[in-house]
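Worksheet: one structure, shown below.
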Amino acid sequence: MQMDSILSGIVSKKHFFSVPLNYQQPEGEKITVFAREIVSTENQHKDLPYLVYFQGGPGFGAVRPVENSGWIKRALQEFRVILLDQRGTGLSTLLNHVTLSHLSPETQVEYVSQFRADNIIRDAETIRLQLTNNTQWSILGQSFGGFCVLQYLSAAPDSIKEAYITGGIPSLTRQADDVYQATYKRVIQKNNDFYRRFGDAAKLTAELAEFIENNNVILATGEPLTVEMLQLLGVNLGMEQGPEAVYYLLEQALIDTANGKQINPLFLHQFCQLLDFNTNPIFALMHESIYCQQFHQRGANWSAHRVREQFQQFNYQKGQRLLFTGEMIYPWMFEQFNQLKPLKDLADAVAAKSDWTNLYDVDILMQNTVPVAAAIFSEDMYVDMNYSLETAALVDNLQYWVTSEYEHNGIRIDGEHILDKLISLNRSKSLR
């Protein structure tokens with residue numbers, strides 16, 4: 001039995017659930033899914049409804065709370081919150097090259113195919129039945145978590161009392177190529193904003209790129225740093241406080257020594273902390289599959305890599321301004337990042353896989369009766385606003401709030417206000 005933990009204003013309890021790896025073979029291999037239940041100290045003895053939180057990603061464990069603040073503070077006013085470590089992450093059965101090493105290449109593809117949003121939702125349903133005695137609960141999804149919310153509304157709408165989405169309304173019908181054609185354009189805008197805000201950033205990046213090309217620069221994690229890897233820092237440009245973090249890192253990259261310009265050891269450590277590819281391999285391995293549906297009859301086939309050919313300005317050449325990339329995965333990453341190298345063949349096979357199941361049922365969503373409130377961030381670099389609005393027009397009973405006040409991770413910065421706004425949207429809708 002798991003004992004309660006006391007945090008600042010929060011009581012936390014651990015839950016471990018045994019679930020099928022493949023729900024089509026319920027008697028077959030089992031994996032563990034972890035969920036942390038939290039409640040405010042003042043409400044710990046009350047019989048409150050549940051709100052389950054779906055983390056962004058894919059491939060990241062749920063937030064680890066330290067105090068009763070942010071969106072959690074607003075949620076705990078009326079809910080017990082379930083922080084779900086999606087399968088493959090956190091304290092759930094992990095998915096990485098170590099845990100896959102005993103499987104053949106063919107078996108690995110089938111295994112990792114079980115770690116998409118459809119099975120994340122089946123896991124949630126298994127947990128709901130055990131925790132709530134088959135009563136409805138509310139759900140909240142951030143970024144990829146919003147994709148999970150729409151999958152839940154497609155697969156088991158009767159289980160949901162109300163739903164909330166922040167920065168995560170996916171297209172229901174578009175292919176991965178469409179997504180990247182839109183997001184590359186948004187990344188260019190974020191680059192322009194970055195260089196406009198920080199006057200010497202172009203000079204700093206040019207000097208650093210030249211140094212990297214002319215020297216053997218080894219990161220703290222052991223990999224040689226390449227210009228292409230440097231460009232990956234752009235994944236942070238779409239986050240609140242992300243551009244500042246990138247700029248301050250670049251500012252300290254090179255130092256003057258008695259032997260001339262040298263790379264700063266501090267840079268070599270902090271660079272690794274701004275990228276998640278070594279620590280969260282599912283993100284790179286499975287990211288493009290979140291855009292794959294059965295009716296497309298094709299795999300992602302390294303979509304971001306192919307679409308990049310339409311945006312030659314990202315192919316850096318000396319003398320031109322270096323453009324950072326965004327939330328894009330490239331095949332060469334599985335040749336350069338130490339924790340991705342053992343997954344290279346698997347990544348190629350996943351990219352080529354074309355028999356993905358559908359994640360969304362458009363007909364069901366067009367007749368949705370569950371109250372849904374969503375925050376759409378107009379400047380979002382990761383989830384295109386126009387595609388989100390296309391989906392919002394299709395899903396019945398979905399009310400949205402479009403704002404330019406926040407970046408993609410606004411829920412981390414001002415989550416109490418954002419969740420309160422969305423709850424008010426849903427509650428006012430239910431009163432009409």
Which pair of heavy atoms, one from [X] and one from [Y], lies closest together, and at what distance?
| X | Y | value |
| --- | --- | --- |
| Leu346 | Leu100 | CD2-CD1, 3.6 Å |
| Ala374 | Leu398 | CB-CD2, 4.4 Å |
| Ser92 | Phe34 | OG-N, 2.8 Å |
| Leu359 | Gln293 | N-OE1, 2.6 Å |
| Ile10 | Pro65 | CD1-CB, 4.3 Å |
| Leu340 | Ala284 | CD1-CB, 3.9 Å |

Verify the distance criterion only: is there a donor paired with an acceptor across the side chains of [X] and [Y] at less than 3.5 Å?
| X | Y | answer |
| --- | --- | --- |
| Asp384 | Thr183 | no |
| Thr325 | Gln231 | no |
| Tyr23 | Asp123 | yes |
| Gln241 | Asn409 | no |
| Gln189 | Asn192 | no |
| Asn119 | Gln114 | yes |
| Gln77 | Ser40 | no |
| Gln142 | Thr166 | yes |

Kindly list each side-chain donor-acceptor pair under 3.5 angstrom involving residues 258-270, sequence neighbours excluded, with atom names and distances?
residue: Lys261; atom: NZ; partner: Asp256; partner atom: OD1; Å: 3.3
residue: Asn264; atom: OD1; partner: Leu266; partner atom: N; Å: 3.0
residue: Asn264; atom: ND2; partner: Gln252; partner atom: O; Å: 2.9

*Centre of Tyr184's six-membered ring, under 6.0 Å away, within 45 degrees of the axis: is that where NZ or CZ of Arg308 sits?*
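Output no; distance or angle outside limits.
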
*Please confirm whether Lys421 makes a cation-pi placement over Trp401, using NZ or CZ under 6.0 Å from the six-membered ring centre and within 45° of the ring normal.*
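The answer is yes; both the distance and angle limits are met.
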
Close side-chain approach of [X] and [Y], heavy atoms under 4.5 Å:
| X | Y | answer |
| --- | --- | --- |
| Gln336 | Met229 | yes |
| Leu237 | Val246 | yes |
| Met239 | Glu407 | no |
| Ile139 | Lys161 | no |
| Ile218 | Glu223 | no |
| Arg36 | His15 | no |
| Trp332 | Glu228 | yes |
| Phe144 | Gln86 | yes |

Between [X] (side chain only) and [Y] (backbone N and O only), is there a donor and an acceptor less than 3.5 Å apart?
| X | Y | value |
| --- | --- | --- |
| Asn236 | Leu233 | yes |
| Asn368 | Asp396 | yes |
| Ser171 | Thr173 | yes |
| Ser303 | Ala300 | no |
| Arg64 | Ala62 | yes |
| Asn191 | Phe324 | yes |
| Tyr387 | Ala182 | no |
| Gln312 | Glu309 | yes |
| Ser154 | Asp361 | yes |
| Thr107 | Leu103 | no |

*So Tyr291 and His287, would you call those rings parallel, tilted or perpendicular, with 30° and 60° as cut-offs?*
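Taking His287 first and then Tyr291, their aromatic rings stand perpendicular (interplane angle over 60°).
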
*Could you label the plane-to-plane angle of the His417 and Tyr406 rings as parallel, tilted or perpendicular, counting under 30° as parallel and over 60° as perpendicular?*
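If you compare the ring of His417 with that of Tyr406, the planes turn out tilted.
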
_side chain to side chain contact (heavy atoms under 4.5 Å, CB included) assessment of Glu37 paired with Lys14_ = CA-CA 6 Å; Glu37 176 183 344; Lys14 296 180 179 181; over 6 Å; no

For the pair [X] and [Y], find out whether any cationic side-chain nitrogen is under 4.0 Å from an anionic carboxylate oxygen.
| X | Y | value |
| --- | --- | --- |
| Glu390 | Arg174 | yes |
| Lys190 | Asp380 | no |
| Lys318 | Glu210 | yes |
| Arg427 | Glu162 | yes |
| Arg128 | Glu125 | yes |
| Asp193 | Arg197 | no |

_Show, in sequence, the C-alpha distance, side-chain angles and deciding distance for Asp200 and Tyr247, and conclude whether the side chain to side chain contact (heavy atoms under 4.5 Å, CB included) test is met._
CA-CA 9 Å; Asp200 62 343; Tyr247 175 70; 2.7 Å; yes

*Take Tyr152 and Ser159, measure what side chain to side chain contact (heavy atoms under 4.5 Å, CB included) needs, and give me the verdict at the end.*
CA-CA 9 Å; Tyr152 211 155; Ser159 302; 4.2 Å; yes

Pairwise distance [atom1]([X]) to [atom2]([Y]) - rounded to 0.5 angstrom:
| X | Y | atom1 | atom2 | value |
| --- | --- | --- | --- | --- |
| Glu240 | Glu244 | CD | CD | 8.5 Å |
| Leu204 | Leu250 | CG | CG | 6.5 Å |
| Ser388 | Tyr400 | OG | OH | 10.5 Å |
| Met286 | Ile329 | CE | CD1 | 12.5 Å |

Output field: ring centroids [X]/[Y] closer than 6.0 Å:
| X | Y | result |
| --- | --- | --- |
| Phe283 | Phe60 | yes |
| Trp71 | Tyr53 | yes |
| Tyr330 | Phe334 | no |
| Phe377 | His408 | no |

*When you look at Arg116 and Thr357, which way does the side chain to side chain contact (heavy atoms under 4.5 Å, CB included) test go after all the steps?*
CA-CA 10 Å; Arg116 297 175 82 217; Thr357 56; 3.7 Å; yes

_Test salt bridge (Lys or Arg N to Asp or Glu O under 4.0 Å) on Lys73 and Asp420; report intermediate values, then the result._
CA-CA 10 Å; Lys73 180 179 179 180; Asp420 186 69; over 6 Å; no

*Scan Thr32, Leu94, Ile120 and name whichever one has a side-chain contact (heavy atoms from CB on, under 4.5 Å) with Arg87.*
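Running side-chain contact (heavy atoms from CB on, under 4.5 Å) over Thr32, Leu94, Ile120 with Arg87 returns exactly one hit, Ile120.
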
